[in-house]
Protein chains: 2
Amino acid sequence: MDEALRAIADPTRRAILMLLRDGEVAAGDIAQRFPALSRPAVSQHLRVLAHAGLVEVRRDGNRRLYRLRREGLAEAAGFFTEMWSDRLGRLKHAAEREERQQRTHMRDEDERGPA
Amino acid sequence: MDEALRAIADPTRRAILMLLRDGEVAAGDIAQRFPALSRPAVSQHLRVLAHAGLVEVRRDGNRRLYRLRREGLAEAAGFFTEMWSDRLGRLKHAAEREERQQRTHMRDEDERGPA
DNA sequence: AAGCTATGTAAGCTCGTTCTTAAACACTTA
DNA sequence: TAAGTGTTTAAGAACGAGCTTACATAGCTT
């Protein structure tokens with residue numbers, strides 16, 4: 001998930017993923033969509049995406065067809081669901097904690113940070 | 001949205017966001033959770049997050065309380081929804097395009113490589 | 001005002017990322 | 001097998017990200 005989010009941080013790689021939404025695309029065809037970049041540059045981006053589990057490759061004769069790996073995408077999106085989920089439960093805890101804190105108002109230096 | 005995805009790519013910043021799920025936290029309290037990092041490092045991460053629209057700051061006397069900015073988070077998540085959405089419409093287009101391509105099978109060298 | 005606490009900014013270093021060119025690899029066709 | 005496509009790998013340059021230390025700023029407290 002870590003690698004996927006890092007991979008997605010790059011705008012070129014996001015554009016590549018967008019390109020793959022509709023189905024398989026050959027590496028060369030992908031590269032053609034980025035006139036500003038050399039083919040090796042695109043190839044390296046594809047490698048990063050593959051390593052991150054966001055795309056899969058398939059050989060078709062000479063060419064390599066890349067396709068989206070939706071599981072990988074969902075896994076990356078997991079961060080957002082994690083950010084949103086269980087919100088009520090945590091809010092309850094937070095409220096209790098805050099109440100306790102407000103009552104005692106302890107500001108002493110007892111080990112606040114665990115290992 | 002670009003900056004937000006970039007910001008989220010960093011694990012420390014993700015951890016900070018997680019920390020803020022439950023409500024406001026002061027900069028110093030955040031920094032305490034990262035014993036491996038100096039306080040300026042955390043401060044800089046917070047700046048990046050603020051710039052990306054993922055957190056908001058509020059002054060409370062001496063301290064600065066950071067809180068999550070859910071709109072920013074949703075905007076960042078927009079990439080994923082964009083990846084998933086409108087899939088059927090695009091698939092239809094892709095099918096047509098593929099059909100046309102398969103029929104004519106044009107592979108000639110019309111200016112593929114510009115300057 | 002002086003000094004403390006809480007926090008941000010600046011400057012500089014290190015390391016990782018992204019690009020380029022040159023070369024290698026793999027498959028196809030003559 | 002030799003030449004031709006399509007694509008990746010290698011090596012190195014340039015740039016940016018993230019860290020640290022030192023310093024600056026802002027508010028509170030005496």
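So you know, we letter chains A, B, ... as the sequences are listed, proteins then strands, and number each from 1. Reckoned from all heavy atoms, side chains included, excluding hydrogens, waters and symmetry mates.
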Check: Would you say the side-chain atoms of A:Arg13 pair up with the backbone N or O of A:Ala7, donor to acceptor, closer than 3.5 Å?
Finding: yes

Notebook entry, point to check: Between B:Ser38 and D:dT20, does any side-chain N or O lie under 4.0 Å from OP1 or OP2?
Noted result: yes

Notebook entry, point to check: Start at the 5' end of DNA chain C and walk down; is the nucleotide closest to A:Arg13 or to A:Pro40 reached first?
Noted result: A:Arg13

Next item on the list: Quick one: label B:Tyr66 by what it contacts on the DNA or RNA (base, sugar-phosphate, nothing), any heavy atom closer than 4.0 Å.
Entry: sugar-phosphate

Item checked: Rounded distance (nearest 0.5 Å) linking atom CD1 of A:Ile16 with atom OH of A:Tyr66 -> 9.5 Å

Check: Once you round it to whole Å, what is the distance between C1' of C:dG8 and CG of B:Leu37?
Finding: 16 Å

Next item on the list: Tell me which nucleotide among D:dG18, D:dT8, D:dC19 gets nearest to the side chain of B:Asp10.
Entry: D:dG18

Note to self: In whole Å, I'd like the distance from the CD1 atom of A:Ile8 to the P atom of C:dT18.
What the structure shows: 13 Å

Checklist line | Value in whole Å for how far the C1' atom of C:dT18 lies from CZ of A:Arg14 | finding: 15 Å

Checklist line | Nearest to side-chain heavy atoms of B:Gln44, which nucleotide of C:dA22, C:dT18, C:dT9 | finding: C:dT9

Next item on the list: Supply the atom-to-atom distance A:Ile8 CD1 to A:Arg14 CZ, rounded to the nearest 0.5 angstrom.
Entry: 8.5 Å

Next item on the list: Identify whether any heavy atom of A:Ala9 sits under 4.0 Å from a base atom; if not, whether one sits that close to sugar-phosphate; answer base, sugar-phosphate or nothing.
Entry: nothing

Checklist line | Between D:dC19 (C1') and B:Ile16 (CD1): distance, integer Å | finding: 14 Å

Item checked: Polar side-chain atom of A:Arg6 near backbone of B:Ala9 as donor-acceptor pair, under 3.5 Å -> no

Notebook entry, point to check: C:dT7, C:dC19, D:dG18: which one has an atom nearest the side-chain heavy atoms of B:Arg39?
Noted result: C:dT7

Next item on the list: Please check if atom CZ in A:Arg39 has more than 12 non-hydrogen atoms from other residues, nucleotides or ligands closer than 6.0 Å.
Entry: no

Checklist line | Derivation of the side-chain contact (heavy atoms from CB on, under 4.5 Å) call for B:Met83 and A:Arg70 | finding: CA-CA 9 Å; B:Met83 282 296 295; A:Arg70 283 163 213 287; over 6 Å; no

Would you tabulate the pairs of protein nitrogen or oxygen atoms and nucleotide nitrogen or oxygen atoms of nucleotides 26-30 of chain C closer than 3.5 angstrom?
{"from": "C:dA26", "atom 1": "O3'", "to": "A:Arg59", "atom 2": "NH2", "distance (Å)": "3.2"}
{"from": "C:dC27", "atom 1": "O2", "to": "A:Asn62", "atom 2": "OD1", "distance (Å)": "3.0"}

Notebook entry, point to check: Touch check for B:Ala26, heavy atoms < 4.0 angstrom, all strands: base, sugar-phosphate only, or nothing?
Noted result: sugar-phosphate

Notebook entry, point to check: Can you tell me how far P of D:dA17 sits from CG of B:Leu5, to the nearest Å?
Noted result: 15 Å

Check: Between A:Ala41 and B:Gly28, which has a closest nucleotide on DNA chain C that is more 5'?
Finding: B:Gly28

Next item on the list: Starting from P on D:dT8, measure out to CG on A:Leu46 and report it in whole angstrom.
Entry: 6 Å

Check: A:Ile30 has an atom CD1; how far is it from atom P of D:dG6, in whole Å?
Finding: 15 Å

Item checked: Given C:dG8, D:dT8, D:dA10, the nucleotide with the shortest approach to the side chain of A:Ala27 -> D:dT8

Margin query: In this structure, how many angstroms lie between the P atom of D:dT5 and the CG atom of A:Asp29, rounded?
Written below: 16 Å

Margin query: Test side-chain contact (heavy atoms from CB on, under 4.5 Å) on A:Glu24 and A:Arg58; report intermediate values, then the result.
Written below: CA-CA 9 Å; A:Glu24 292 180 325; A:Arg58 176 172 75 90; 2.7 Å; yes

Next item on the list: Look at the side chain of A:Arg63 and decide which nucleotide, out of D:dT7, C:dT9, D:dT20, has an atom nearest to it.
Entry: D:dT7

Note to self: So if I take every side-chain heavy atom of B:His45 and compare against D:dC19, D:dT20, D:dT7, which nucleotide ends up nearest?
What the structure shows: D:dC19

Check: From A:Ile30 CD1 over to A:Thr12 OG1, what is the distance, rounded to the nearest 0.5 angstrom?
Finding: 12.5 Å

